[in-house]
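Right, one structure below, let's go through it.
Remember, it's 1-based here, ligands and their atoms both numbered in the order they're listed. The residues of the chain are indexed from 1 along the displayed sequence. Computed from a predicted model, the values in this text were never measured in an experiment. Atoms considered below: every heavy atom in the structure, side chains included; atoms not considered: hydrogens, waters and symmetry mates.
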Amino acid sequence: MVLIGGVTVKRTCYNMVMADNLSQMLQPLANELRKASRVLCLTGAGVSAESGVPTFRDSGGLWEGCRPEDLATPEAFSRDPEQVWRFYRSRRAKLLAVQPNPAHEVIARFESRFDDFHLVTQNVDGLHQQAGSKQILCLHGDIWIDRCTECGFERRVATVDEPMPQCDRCGGLARPGVVWFGEMLPDGVFERAVQLAGDAEVVLVVGTSSVVHPAASLAGLAAHSGAFVAEINPNATVFSESASLVIPVEAGKSLPELEKILDILTSD
Ligand code: OAD
């Protein structure tokens, strides 16, 4: 069982790189991937940014101008469930209007490219699943689940109809099926992620600021275990200096390019 918590960090912007440099930058990663069978991809909100889903800590992000403690903690829900549900209903409504982007699609296709490919995500938006990912561990739950606060009954929803959803089984107040700050991650999920990070030969860290633990510890753990860890993120993070390679380019551009290089390498 692992407790979730967060810290903040100041980030620096890299200059955008020219597109023709991208394939050169990706070459070392492609070379490592070509030899690898055990590959892990760790994702955060940035992988969904090009679908139009706001991240949390970027400018205009979900936490800009508000405190996560008021919207994403069990205490906030006990104090004001209507306010918390408004926040999650508005996120659900926005998600109904978006689609997976090329980054989600490449990650989904990577499952069949490598012998042993896994995806560990902090995202709750369901876009990886929509893109076709199956080997997926969701560290922070799923925004499309309502879970009863009385009996724990869960149901999957696809709409944003009810302002304060009630349990189908006991009539109790339901809450979003996500992990809030101060809560435990789902049983066994983080333990499995640790195992995958320790075993992986290559790890892709895509679109996360790497500040929310325990998720943020996985990339470092993989690096310590000897994995080649590549960070794909237009902005530097607290993890950047520990990465084997940093690709400072949006995931929706860099992952399709990486896939192209791999196609060429494997057709040789
Ligand atoms: P953050 O908002 O903290 O970080 C998003 C990261 O994505 C940043 O480092 C951006 O630079 C990067 N980014 C933005 N656009 C990108 C793109 N097109 N391609 C690649 N990277 C891009 O989001 P997370 O790290 O996911 O938890 O946040 C972790 C957790 O904090 C979330 O799961 C959530 C949040 O509070 C809870 O709500 C419990």
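When the heavy atoms of A45, G207, P68 are ranked by distance to atom 26 (O) of ligand 1, first place goes to A45. Distances from atom 21 (N) of ligand 1 to the heavy atoms of P234, A251, G61 put P234 nearest. Between atom 11 (O) of ligand 1 and the options T237, N101, N233, the minimum heavy-atom separation is to N233.
Taking 4.5 Å as the limit, every side-chain heavy atom of N233 sits out of range of all side-chain heavy atoms of V206.
D263 has no carboxylate O lying under 4.0 Å from a charged side-chain N of K260, or vice versa, which leaves the two without a salt bridge. In this structure, R155 pairs ionically with E162, as a charged nitrogen and a carboxylate oxygen lie closer than 4.0 Å.
When V179, L139, D142 are each tested for a side chain to side chain contact (heavy atoms under 4.5 Å, CB included) with P186, only one passes: V179.
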Kindly determine whether W180 and E75 satisfy side chain to side chain contact (heavy atoms under 4.5 Å, CB included), including the steps that lead there. CA-CA 10 Å; W180 283 326; E75 294 76 20; over 6 Å; no

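Under 4.0 angstrom from ligand 1, the non-hydrogen atoms of H140 all belong to its side chain. Residue T208 touches ligand 1 through backbone and side chain together, judged by heavy-atom distances below 4.0 Å.
Annotation: F56 places an N or O atom under 3.5 Å from an N or O atom of ligand 1; distance criterion only.
Contact analysis leaves V206 out of contact with ligand 1, as no non-hydrogen atom separation drops below 4.0 angstrom.
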